[in-house]
Amino acid sequence: MKQAKVINETEMKRLLAVIEAGKHSARNRCAVMLSYLAGMRVGEIAALTIGDVFDGDGNVRDQIHLKASYTKGGHSRTVFVGKKLHKELTLYKCALPELSGAPKPLILTQKRSAFSANTLCQLFGELYRKAGIDGASSHSGRRSF
């Protein structure tokens, strides 16, 4: 199987411009940045809850603890949140309806439910296609990281 394309800086700018011009830009940008800036798999991104990323006061956590049920190998791991990702997540927080209450998905569909890994994978593919980036897939952000 061919490996996913590594995204260069020019392609990333083009992808972000496509995201900005489309619907649900804050959500889509957050999902792409979690892949590109944290090296997370699409299934891990789809499984994230608001509480995984934000603390009780609504601040971005310094680390995201991925539960074993989120990861490919079934082993929990920690993702460190760098300055760029921290900034992206802080911006995304403004687009969220509320941060408290029952565990809610971080990335929501139009119907306000959690994405499945497959559906989020299709969204990534559509975004890359619209940006004209051939050979890119949902794994491209992770490979670029």
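Computation of the quantities below employed the complete heavy-atom set of this structure, encompassing side-chain atoms and omitting hydrogens, waters and symmetry-equivalent molecules. Index from 1, following the sequence.
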Could you pull out all residues at least two apart from [X] that satisfy salt bridge (Lys or Arg N to Asp or Glu O under 4.0 Å)?
X: Arg29; result: Glu88
X: Arg61; result: none
X: Arg14; result: none
X: Lys13; result: Glu9

Item to check | Neighbour count >12 (heavy atoms, 6.0 Å) for atom CG, Asp62 | outcome: no
Only counting residues at least two apart or in another chain, list the ones meeting side-chain hydrogen bond (donor to acceptor under 3.5 Å, both in side chains) with [X].
X: Ser25; result: none
X: Ser69; result: none
X: Thr10; result: none
X: Asp52; result: Thr49, Tyr70

Item to check | Where at least one partner belongs to residues 74-85, residue pairs that pass salt bridge (Lys or Arg N to Asp or Glu O under 4.0 Å), sequence neighbours excluded | outcome: Glu44-Arg77
Item to check | Residue pairs passing the salt bridge (Lys or Arg N to Asp or Glu O under 4.0 Å) test where at least one lies in residues 15-28, sequence neighbours excluded | outcome: none
Checklist entry - Taking the side chain as C-beta and beyond, is there a heavy-atom pair between Leu34 and Leu48 under 4.5 Å? => result yes
Checklist entry - Are side-chain heavy atoms of Leu15 and Leu127 found at a separation under 4.5 Å? => result yes
Next on the checklist: For residues 115-127, which residue pairs pass the side-chain hydrogen bond (donor to acceptor under 3.5 Å, both in side chains) check, not counting sequence neighbours?
Outcome noted: Ser116-Thr119, Glu126-Lys130
Checklist entry - Step by step, would you call Met33 with Leu16 a side chain to side chain contact (heavy atoms under 4.5 Å, CB included)? => result CA-CA 10 Å; Met33 290 312 213; Leu16 292 177; 3.8 Å; yes
Checklist entry - Which pair of non-hydrogen atoms, one from Ser35 and one from Phe124, has the smallest distance, and what is that distance? => result CB-CE2, 3.9 Å
Next on the checklist: Apply side chain to side chain contact (heavy atoms under 4.5 Å, CB included) to residues Leu66 and Ile64 and explain how you reach the verdict.
Outcome noted: CA-CA 6 Å; Leu66 298 176; Ile64 299 171; 4.0 Å; yes
Next on the checklist: Suppose we screen for side-chain contact (heavy atoms from CB on, under 4.5 Å). Which residues come up paired with Ala26, at least two apart in sequence or across chains?
Outcome noted: Tyr92, Ala95
